[in-house]
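Written below as structure tokens is the structure these notes are about.
This is a predicted model, so every value here is computed, not measured. Computed from heavy atoms alone, side chains included, the values below leave out hydrogens, waters and symmetry copies.
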Amino acid sequence: GTEPAKIWAGGIEKGEVFRGIGQGKSGTGKDSNEPLPAGTFRGYENTADLVLGPEHHHMIIADFDGPGNTGNSLATDIYFLRKKTGGNSSPVPLQLEGSIAAGDSGSGIWISRGGTHYLAGIATGRHYACYYAQSMYVNLGDPKISEWIQTVIPDIVLHR
């Protein structure tokens, strides 16, 4: 009796808030320590600080804005690409600010459109540089990704 997730293939914009769910380790965000064990059910919210171009399948990047307005690592660099951003992201944490933790790969991120929640991305990885965490998410709105989904599940409805 459980309804399958509705998939959002319309993309996520820079600055848009999303909610993530996972079953990974967890911590307070004050440092890179994750004292809660893998398998901890958790939820968080974050902001799409950067959406890459088509050469990177519109991957969504979010940094962790820690307690006391620390963090904001996307103001200068995308660590895993060794690339300067030239932009800025807000250092202000959301009320439930969170990020991918060990064990969360493959979990979903969700957005709301008109009161309906849609699966919009998949947690794929993270990169730490000191205490600045950057999370990466597969964007289900990328045309090549949504096309691939339809080849695997031909009768799926993708929402835009």
Side-chain angles (χ1 to χ4, degrees), residues 1-29 34 36 38-75 78 85 87-127 133-160:
T2 302
E3 184 179 334
K6 292 176 173 53
I7 296 178
W8 182 255
I12 290 182
E13 300 294 322
K14 179 182 175 184
E16 189 167 352
V17 173
F18 61 84
R19 289 175 181 83
I21 56 169
Q23 192 177 355
K25 292 184 173 187
S26 192
T28 64
E34 296 174 340
L36 295 178
T40 300
F41 287 101
R42 32 185 233 99
Y44 61 91
E45 60 184 2
N46 206 319
T47 303
D49 289 308
L50 187 63
V51 179
L52 299 178
E55 70 280 9
H56 295 289
H57 300 288
H58 299 97
M59 182 178 285
I60 302 157
I61 311 290
D63 65 359
F64 178 78
D65 300 314
N69 295 346
T70 61
N72 197 30
S73 59
L74 276 175
I78 306 172
T85 64
N88 57 10
S89 62
S90 171
V92 179
L94 298 169
Q95 186 157 355
L96 293 175
E97 182 86 19
S99 186
I100 296 174
D104 284 339
S105 293
S107 61
I109 60 170
W110 303 79
I111 60 169
S112 181
R113 295 282 192 270
T116 300
H117 296 286
Y118 295 94
L119 178 64
I122 305 293
T124 188
R126 66 185 179 154
H127 182 89
Q134 293 179 350
S135 299
M136 291 126 344
Y137 303 89
V138 172
N139 188 342
L140 301 180
D142 176 76
K144 290 184 179 180
I145 300 293
S146 57
E147 182 180 304
W148 174 79
I149 291 170
Q150 289 184 306
T151 63
V152 175
I153 312 169
D155 59 344
I156 195 165
V157 176
L158 300 178
H159 301 271
R160 292 182 166 84

Original post:
Between CZ of F64 and CD of Q134, what distance do you get to the nearest 0.5 Å?
Top reply: 13.5 Å

Original post:
Any luck finding a side-chain donor-acceptor pair between D142 and H58 under 3.5 Å?
Top reply: yes

**OP:** Would you verify whether the NZ or CZ of R113 falls within 45 degrees of the ring axis of W8 while also being under 6.0 Å from that six-membered ring's centre?
**Re:** yes

**OP:** For D49 and K14, run side chain to side chain contact (heavy atoms under 4.5 Å, CB included): C-alpha distance rounded to whole Å, both residues' side-chain angles, the deciding distance at 0.1 Å, then the answer.
**Re:** CA-CA 6 Å; D49 289 308; K14 179 182 175 184; 5.9 Å; no

**OP:** Nearest 0.5 Å please: distance from the CD1 atom of I100 over to the OG atom of S105.
**Re:** 6.5 Å

Original post:
Is there a donor-acceptor pair closer than 3.5 Å between any side-chain N or O of E97 and the backbone N or O of D65?
Top reply: yes

Subject >> Contact summary for Y137 and A123, nearest pair of heavy atoms >> reply: CD2-CA, 3.6 Å

Original post:
Given the rule in the side chain to side chain contact (heavy atoms under 4.5 Å, CB included) test, do I7 and I156 qualify, once you have shown the distances and angles that lead to the verdict?
Top reply: CA-CA 9 Å; I7 296 178; I156 195 165; 3.4 Å; yes

Original post:
Is a side-chain donor or acceptor of S107 paired with a backbone partner of I21 at a separation under 3.5 angstrom?
Top reply: yes

**OP:** Enter the distance from L52:CG to M136:CE here, rounded to the nearest 0.5 Å.
**Re:** 10.0 Å

**OP:** Looking only at non-hydrogen atoms, find the nearest pair between E13 and A48 and report the distance.
**Re:** O-CB, 3.6 Å

Subject >> Side-chain (Q150) to main-chain (E147) donor-acceptor, under 3.5 angstrom >> reply: no

Subject >> CA sep, side-chain torsions, deciding dist, call: S146, W148, side chain to side chain contact (heavy atoms under 4.5 Å, CB included) >> reply: CA-CA 5 Å; S146 57; W148 174 79; over 6 Å; no

**OP:** To the nearest 0.5 angstrom, please state how far the CG atom of L119 sits from the CG atom of L158.
**Re:** 10.5 Å

Subject >> Atom pair CZ/CG of R19 and L96 - distance to nearest 0.5 Å >> reply: 8.5 Å

Original post:
Where do S99 and R42 come nearest, in terms of heavy atoms and distance?
Top reply: O-NH2, 2.8 Å

**OP:** Answer whether the closest heavy-atom distance between the side chains of V17 and L94 falls below 4.5 Å.
**Re:** yes

**OP:** Look up atom CD1 in I111 and atom CD1 in I12, then write down how far apart they are to the nearest 0.5 Å.
**Re:** 5.0 Å

Subject >> All side chain to side chain donor-acceptor pair (under 3.5 Å) counterparts of Q95, not counting sequence neighbours >> reply: none

**OP:** Can you label the angle between the H159 ring and the Y118 ring as parallel, tilted or perpendicular, going by 30° and 60°?
**Re:** tilted

Subject >> Beyond-backbone contact of I109 with I60, side-chain heavy atoms, under 4.5 angstrom >> reply: yes

